[in-house]
Number of protein chains: 4
Amino acid sequence: MSEGKEESAPAPSPGGRGSGDKRERILRGAIRVFARNGFYKTRVSEIAEAAGVADGTIYLYFKNKDDVLISIFEDRLDALIRVLKREIAKCQTVEEKVEKIIHLQLDLLETERDLAEVITVNLRQSSRLLKEYAAPKFEAYLQVIAHVISEGQTSGVFRNDVHPVGAARALWGSLDGTLMTWALGDAKPSTLRKASTNIASIFLRGLAAEGG
Amino acid sequence: MSEGKEESAPAPSPGGRGSGDKRERILRGAIRVFARNGFYKTRVSEIAEAAGVADGTIYLYFKNKDDVLISIFEDRLDALIRVLKREIAKCQTVEEKVEKIIHLQLDLLETERDLAEVITVNLRQSSRLLKEYAAPKFEAYLQVIAHVISEGQTSGVFRNDVHPVGAARALWGSLDGTLMTWALGDAKPSTLRKASTNIASIFLRGLAAEGG
Amino acid sequence: MSEGKEESAPAPSPGGRGSGDKRERILRGAIRVFARNGFYKTRVSEIAEAAGVADGTIYLYFKNKDDVLISIFEDRLDALIRVLKREIAKCQTVEEKVEKIIHLQLDLLETERDLAEVITVNLRQSSRLLKEYAAPKFEAYLQVIAHVISEGQTSGVFRNDVHPVGAARALWGSLDGTLMTWALGDAKPSTLRKASTNIASIFLRGLAAEGG
Amino acid sequence: MSEGKEESAPAPSPGGRGSGDKRERILRGAIRVFARNGFYKTRVSEIAEAAGVADGTIYLYFKNKDDVLISIFEDRLDALIRVLKREIAKCQTVEEKVEKIIHLQLDLLETERDLAEVITVNLRQSSRLLKEYAAPKFEAYLQVIAHVISEGQTSGVFRNDVHPVGAARALWGSLDGTLMTWALGDAKPSTLRKASTNIASIFLRGLAAEGG
DNA sequence: AATGAATGAGAATTCATTCAT
DNA sequence: GATGAATGAATTCTCATTCAT
């Protein structure tokens with residue numbers, strides 16, 4: 001209560017052992033139901049049911065329904081950025097890095113189809129809301145890609161006549177658009193793998209320096 | 001509800017001339033307010049106000065709120081596809097056609113920022129709803145792009161090792177992603193024009209046949 | 001929408017004839033149910049039922065449940081003050097005026113027992129809320145009484161050693177307390193009439209100037 | 001609920017000494033928060049916080065939230081009645097007794113402003129609830145006052161033409177109304193003291209027998 | 001055709017109370 | 001006895017849709 005007027009999410013974090021996973025269970029449940037029905041069509045009681053908790057428990061861990069969606073982005077995008085950075089660091093060439101970015105992301109989401117749908121579809125659900133919350137996190141994500149392209153330009157592997165952030169947006173857009181049509185369609189993993197190879201190849205050649 | 005499979009819009013506007021513009025006014029108003037607040041946050045009364053008609057009048061021209069959104073896609077995507085096809089037909093080479101697709105779309109939406117936001121943001125608002133209604137129309141749109149790529153492959157200008165529809169999705173994704181970040185950001189026309197040139201250049205080179 | 005950000009109550013005030021009494025019907029229904037169950041124990045749906053309108057209709061005429069209570073005070077106290085002033089003006093002596101105040105108020109409320117209970121009991125229900133809204137109106141009411149006492153002091157009929165507003169408060173308190181115990185008890189009109197005579201007599205003699 | 005007519009409070013506090021002050025701490029905390037926000041706007045968790053105990057602990061000492069309010073009346077009114085009776089007994093004349101009643105009560109509440117607000121404001125919060133529980137205790141309190149008046153009538157000091165209980169109600173009402181306006185206003189002790197003198201003087205003269 | 005007051009189903013959120021620790 | 005996380009019933013308010021005018 002000494003911090004009573006804070007704005008973010010509460011956090012019971014109980015006795016000490018065990019049930020600290022309740023927040024995580026709610027996030028997982030929410031991802032599942034948001035993916036199926038979209039943010040607005042999902043009732044809080046459905047999130048609760050999917051998480052196996054009571055309706056009121058949601059409000060012990062999140063300020064409101066919006067906060068649940070925001071928290072998904074914050075948690076999951078953070079994790080994605082972390083993995084991305086770690087894996088990129090292992091690559092030798094920038095080409096490999098670009099390929100890694102593409103494969104990693106499509107692969108990751110292939111294994112977490114619900115999260116894919118939530119991030120691609122729901123990211124745009126509450127414009128005003130997420131413009132404020134998700135935008136910064138999203139910017140950080142784009143920076144990781146832009147940085148790789150910029151690196152390639154410096155080392156002479158990539159052409160200098162494209163704006164790194166612009167290219168990053170285009171690349172992200174390709175991945176996102178592909179994911180969306182894949183996730184909304186009937187989503188065969190093989191399709192995604194082929195798409196991923198195609199995108200890598202188009203972008204790598206499209207970005208290559210003249211003499212490359 | 002008892003007659004579920006009705007034609008979507010009642011469509012008064014008898015003879016052909018005259019008050020038929022009320023439907024159009026409603027669509028325009030809806031585009032404006034959907035762009036500002038998103039589909040779910042927009043109240044039917046707000047659409048009515050933006051269109052300068054009474055709440056009840058909406059239901060004379062549209063089955064319900066969903067139908068207004070669906071109609072925007074149907075009308076506007078149709079128009080976009082028509083323009084796209086007509087302009088493409090005027091181009092000599094496939095490269096020109098690809099460039100035309102890109103510039104046309106970004107230019108068009110630059111002049112109709114609201115429609116851009118509705119199409120990129122709201123397309124994803126009601127998964128289930130639009131999956132059924134917008135998907136087919138959207139597929140037709142992708143086919144136009146895929147057809148140009150396919151044409152380039154046949155004539156030996158584009159590489160054969162990419163799937164035309166996959167490439168079309170990637171290209172659409174690039175445009176859409178660029179538009180979204182542009183529309184949600186502070187949206188300077190010049191940015192969009194530069195982005196458009198970059199995307200064209202990346203894709204054209206990325207799609208070019210070896211010896212091209 | 002040009003006046004969109006106003007703070008008070010909306011006001012449909014329909015076509016022109018007739019149903020303008022809906023607001024009044026809601027107020028009357030609310031008085032009835034607030035009297036029976038108190039403000040907090042009364043559900044909005046009960047107000048609606050008592051008024052014979054749909055739940056949502058309440059919100060066409062009032063901002064929220066609080067606003068209904070506030071409006072009762074504003075409307076009814078205003079009416080009471082108006083009657084009070086008019087009747088007082090008809091009296092010859094200040095003694096008559098004081099008697100009029102007492103009888104008028106107890107009589108009035110005798111015929112509107114529900115209103116009596118709402119004003120005496122519910123006035124104090126939402127401290128903070130009514131402190132802001134009802135207090136000013138209430139002050140105006142006390143002023144009417146204080147003014148009569150002050151008048152009596154000037155003309156030498158009443159003693160000068162009491163503060164007019166303080167005496168007004170005491171007189172109001174007597175009436176209010178009597179009303180409360182009467183309204184909460186089994187409320188026989190005769191009891192109230194006797195009480196009213198007693199109070200008048202105590203206060204008149206209590207306020208009289210020495211030589212009176 | 002199945003055992004409706006239970007004794008009100010569970011009352012742990014075994015032997016007699018020791019932790020029995022927890023009940024008192026809760027009552028004190030409740031008086032504080034009820035005074036600030038009213039009964040209905042006060043959450044049980046706020047009472048707990050004000051008392052420095054856990055939410056659940058409240059239920060070890062009180063059956064429920066209602067019971068806390070009821071207990072405040074029972075405890076505090078009892079104490080007030082005891083003090084009243086004791087002090088009255090010390091007075092020589094009935095006039096002194098009436099003055100004692102007035103000063104005692106206003107003085108007492110001046111030093112316990114929160115309790116004043118709880119008793120005057122909250123007494124009326126839950127009609128049905130308190131009608132049953134507080135009414136009898138309140139009746140006992142009125143009887144003390146009525147008895148003094150009755151005594152004065154018998155001894156010829158007070159006029160016989162007023163009903164003792166009616167006069168007691170009027171006197172109580174004056175005190176209560178004065179307290180309310182004082183407690184809800186900016187509550188300067190001096191105001192209250194002056195008011196108290198005024199009330200005493202009005203009532204004593206108002207109740208005096210003709211030849212007094 | 002057009003209107004907009006009225007409707008009432010639906011959903012988010014709160015909070016008194018319980019009970020495992 | 002004490003705790004406070006969890007519960008879920010209860011309630012306000014919103015807003016798509018209808019329909020009398």
Side-chain angles (χ1 to χ4, degrees), chain A residues 10-20 22 40-48 52-66 68, chain B residues 1 10 12-14 18-19 22 40-49 53-68, chain C residues 10-20 22 40-48 53-66, chain D residues 1 10 12-14 18-19 22 40-49 53-68:
Chain A
S13 103
R17 322 150 300 283
S19 86
K22 212 150 244 178
Y40 284 104
K41 288 282 190 100
T42 298
R43 297 195 292 284
V44 171
S45 65
E46 290 172 328
I47 302 175
V53 300
D55 294 18
T57 305
I58 306 279
Y59 294 88
L60 253 33
Y61 294 89
F62 301 92
K63 219 166 48 204
N64 50 34
K65 191 183 158 189
D66 287 345
V68 176
Chain B
M1 284 296 157
S13 131
S19 80
K22 211 153 244 181
Y40 283 103
K41 290 280 194 99
T42 298
R43 298 196 288 284
V44 170
S45 64
E46 289 173 328
I47 302 175
E49 197 196 5
V53 300
D55 295 16
T57 306
I58 306 279
Y59 293 86
L60 256 29
Y61 294 90
F62 301 93
K63 215 168 49 199
N64 51 35
K65 189 184 163 189
D66 288 345
D67 191 35
V68 176
Chain C
S13 105
R17 321 151 301 283
S19 85
K22 213 150 244 178
Y40 284 104
K41 289 281 192 101
T42 298
R43 297 195 292 284
V44 171
S45 64
E46 289 173 329
I47 302 175
V53 301
D55 294 19
T57 304
I58 306 280
Y59 295 88
L60 253 32
Y61 294 89
F62 302 93
K63 218 167 47 205
N64 49 35
K65 190 182 158 189
D66 287 345
Chain D
M1 282 295 157
S13 130
S19 81
K22 211 153 244 181
Y40 283 104
K41 290 280 193 98
T42 298
R43 298 196 287 284
V44 170
S45 64
E46 290 173 327
I47 302 174
E49 198 195 6
V53 300
D55 294 16
T57 305
I58 305 280
Y59 293 87
L60 293 172
Y61 294 90
F62 302 92
K63 215 167 52 201
N64 51 34
K65 189 183 161 188
D66 287 346
D67 191 34
V68 176

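These figures come from a predicted structure and were not determined experimentally. Just so it is clear: chains get the letters A, B, ... in the order the sequence lines come, proteins before strands, and each one is counted from 1.
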For E:dA1, which nucleotide is its Watson-Crick or G-U wobble mate, given both distances must be under 3.5 Å?
none

Please state how far atom CD in D:Glu46 lies from atom P in E:dC15, giving the value in whole angstrom units.
8 Å

Determine: side-chain N/O of D:Thr57 to OP1/OP2 of F:dT3, distance under 4.0 Å, yes or no.
yes

Quick one: which of F:dA2, E:dT18, E:dA12 gets closest to the side chain of D:Tyr61?
F:dA2

Whole angstrom value for the distance that separates C1' of E:dA16 from CZ of D:Phe62
16 Å

Looking only at side-chain atoms of C:Asn64, point me to the closest of F:dG8, F:dC13, F:dT17.
F:dC13

Heavy-atom nearest nucleotide on DNA chain F taken for C:Lys65 and for A:Ala54; more 5' hit belongs to A:Ala54

Rounding to a whole Å, what distance do you find between D:Asp55:CG and F:dG4:P?
8 Å

From C-beta outward on C:Val44, which listed nucleotide comes closest to its side chain: F:dT12, F:dA16, E:dG4?
F:dT12

The residue, A:Arg43 or A:Gly56, whose nearest nucleotide of DNA chain E is more 5′ is A:Arg43

Interatomic distance where OH belongs to D:Tyr40 and C1' belongs to E:dC15 [whole Å]
14 Å

Considering just the side-chain nitrogens and oxygens of C:Lys22, establish if one lies under 4.0 Å of OP1 or OP2 belonging to E:dA6.
yes

Watson-Crick or G-U wobble mate for E:dA20, both contacts under 3.5 Å:
F:dT3

C:Asp66 CG to F:dT11 P: how many Å, rounded?
16 Å

Nearest to the side chain of B:Leu60, which nucleotide is it out of E:dA6, E:dT3, F:dA5?
E:dT3

To the nearest angstrom, the NZ-P distance between C:Lys41 and F:dA10 comes to 13 Å

